[in-house]
Asker: 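One structure coming up, written as structure tokens, with questions to follow.
Quick caveat: nothing in here was measured; it's all calculated off a predicted structure. All ligand and atom numbering here is 1-based and tracks the order in the structure.
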Amino acid sequence: MEVGGSGIGKVTEKLRENVRKIPEYVPGKSIEEVKRKYGLEKVVKLASNENPYGPSPKVREVLKNFDRFHIYPSPKEIEELTERISEYLGVERDRIVVGAGIDGILETVFKMFVDPRDEVVIPIPSFPYYHTLTAVMGGREVVVRRKKDFRIDEDKVIESITDKTKIILICSPNNPTGNVEDVNAVRAIVESCDALVFVDEAYAEFSDENLMELLEYENVVIARTFSKAFGLANLRIGYAVMHPELRKAYMKVSTPFPVSSIAISAAIASFEDLDYVKSCVERIKAERKRIYSELEGTVRVYPSQANFLFFEAPLKADVLVEELMRRGVIVRDCSKFIGCSPFSVRVSVGREEENSLFLEALRDVLG
Ligand SMILES: *Cc1c(COP(=O)(O)O)cnc(C)c1O
């Protein structure tokens, strides 16, 4: 049977126009693909900001005994995790939601707020999924260029806000640039409007500063995740803190079972071993410092408060990334991120030997 021919076969024409307009998603290359393509035995991936040490051994222990595969997750489990998050952050339980990663939480929050033609303010460059979600909802994205050091320009952000603005996205530390935002700059934005200020703190554990004090405002949501410092990226679990009334609306919109019991148990177990998380973070920070000083002489590298470094090399990013791949190192080409230069590259901080391989390969490419 011919697909996409005449008659009723053109289902793709029924797709929403917003969806058709979004460029196709191209995932990064996997270690296996790169090994095959270049005939390499050793390949390291420093492209997705994962914790290279994985989760605490306590997580593996708990999951070994898991036996409730056939039962939907129970509200009790969410309550227990919520209690732990509440202790960890020092915030009230009735302000906390748990979701399928920050990505899943963002999706729910966009469903709560963004009607077609509503405006979403995105300081650029930032996390690409913000643009995707705005497009999916039929919202209008209002992009605001960051300053030279990639801090947000709060005056320009405030100027960009209209009656139509529903969400303002603040990512701190920012992906892909690694800088944190000044709390008073964000406070000025929050106080200037009634729009929702969504603060994405996916990398908070790696940073000396955070924006938690802004939770005193009813129009602020702060989101965190177990994907990065806690080493649970594959389990899809994150959380956010918001005003209790917003939480009520969130619960109406969320899918009924956004996270699995496996993910919840793993998250609870990792809270029981925060020393482990801390030791991973310390090792990553030490390596971040080492890579930064090694890069300083060769490329334009920016200070980072996250588990990755952003730099601009004297070579186009697509060429550089390909050359590094040929040498067994996968990093992220950021040249297609909205608001990035053609020279933009992001490298995750891995284990010491992985980072050394990256530095060696880079030296080799740049000669
Ligand atoms: C990795 C990342 C996310 C996604 O986190 P999940 O909790 O795995 O969905 C969200 N925001 C930023 C800025 C990220 O870098």
Side-chain angles (χ1 to χ4, degrees), residues 25 27-28 45-52 54-55 81 85 88-89 96-111 120 122-134 136 146 150-152 167-181 186 197-207 210-211 221-241 254-255 258-260 262-264 266-267 270 277 281 284 288 302 304-310 331-334 337-340 344-350:
Y25 180 72
K45 185 163 172 272
L46 299 172
S48 303
N49 306 337
E50 293 136 337
N51 179 341
L81 176 57
I85 295 168
Y88 178 62
L89 295 181
I96 296 167
V97 301
V98 176
I102 294 180
D103 289 350
I105 290 167
L106 274 166
E107 187 185 1
T108 305
V109 169
F110 270 66
K111 283 188 195 164
V120 175
I122 309 174
I124 55 167
S126 202
F127 188 51
Y129 192 51
Y130 304 155
H131 300 280
T132 307
L133 267 179
T134 306
V136 168
R146 290 164 185 272
F150 294 119
R151 288 201 179 216
I152 50 172
I167 301 179
I168 301 157
L169 288 152
I170 305 292
C171 187
S172 183
N174 186 45
N175 183 358
T177 55
N179 62 290
V180 284
E181 297 304 340
V186 182
V197 177
F198 188 100
V199 178
D200 182 340
E201 290 197 331
Y203 301 98
E205 283 81 6
F206 303 104
S207 172
N210 64 57
L211 299 172
V221 169
I222 298 188
R224 300 253 181 116
T225 182
F226 293 98
S227 297
K228 306 288 161 56
F230 286 76
L232 297 176
N234 204 331
L235 292 185
R236 314 305 308 129
I237 183 163
Y239 54 95
V241 188
S254 164
T255 54
V259 291
S260 69
I262 298 183
I264 298 167
S270 48
V277 175
V281 167
I284 289 166
R288 177 176 76 196
Y302 292 83
S304 171
Q305 290 279 311
N307 63 341
F308 55 81
L309 286 157
F310 182 78
V331 299
R332 189 74 157 100
D333 172 2
C334 295
F337 281 40
I338 297 169
C340 276
S344 308
V345 177
R346 189 192 69 202
V347 60
S348 310
V349 178

Asker: Is the backbone of Ala267 close enough, under 3.5 Å, to the side chain of Ser270 for a donor and an acceptor to pair up by distance?
Answerer: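 Checked: pair present.
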
Asker: Over 60° means perpendicular and under 30° means parallel, so tell me whether Tyr239 and Phe226 are parallel, tilted or perpendicular.
Answerer: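 Tilted: the ring planes of Tyr239 and Phe226 meet at 30° to 60°.
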
Asker: Indicate yes or no for a side-chain donor-acceptor contact from Ser348 to the backbone of Asn49 under 3.5 Å, with no hydrogens or angles considered.
Answerer: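 Yes: the side chain of Ser348 pairs with the backbone of Asn49.
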
Asker: Has Ser48 got a side-chain atom pairing as donor or acceptor with Glu50's backbone, closer than 3.5 angstrom?
Answerer: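 No; judged by distance alone, with no hydrogens or angles, the pair does not exist.
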
Asker: Non-hydrogen atoms closer than 4.0 Å to ligand 1: which protein residues do they belong to? List them by chain and number, please.
Answerer: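 Lining ligand 1: Gly101, Ile102, Asp103, Phe127, Cys171, Asn175, Asp200, Ala202, Tyr203, Thr225, Ser227, Lys228, Arg236.
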
Asker: Determine, for Arg236 against Asp103, whether the closest basic-nitrogen to carboxylate-oxygen distance falls under 4.0 angstrom.
Answerer: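 Yes, Arg236 and Asp103 are salt-bridged.
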
Asker: Check the pair Arg146 / Glu181 against salt bridge (charged side-chain N to carboxylate O under 4.0 Å, His left out), numbers first and verdict last.
Answerer: CA-CA 11 Å; Arg146 290 164 185 272; Glu181 297 304 340; 2.9 Å; yes

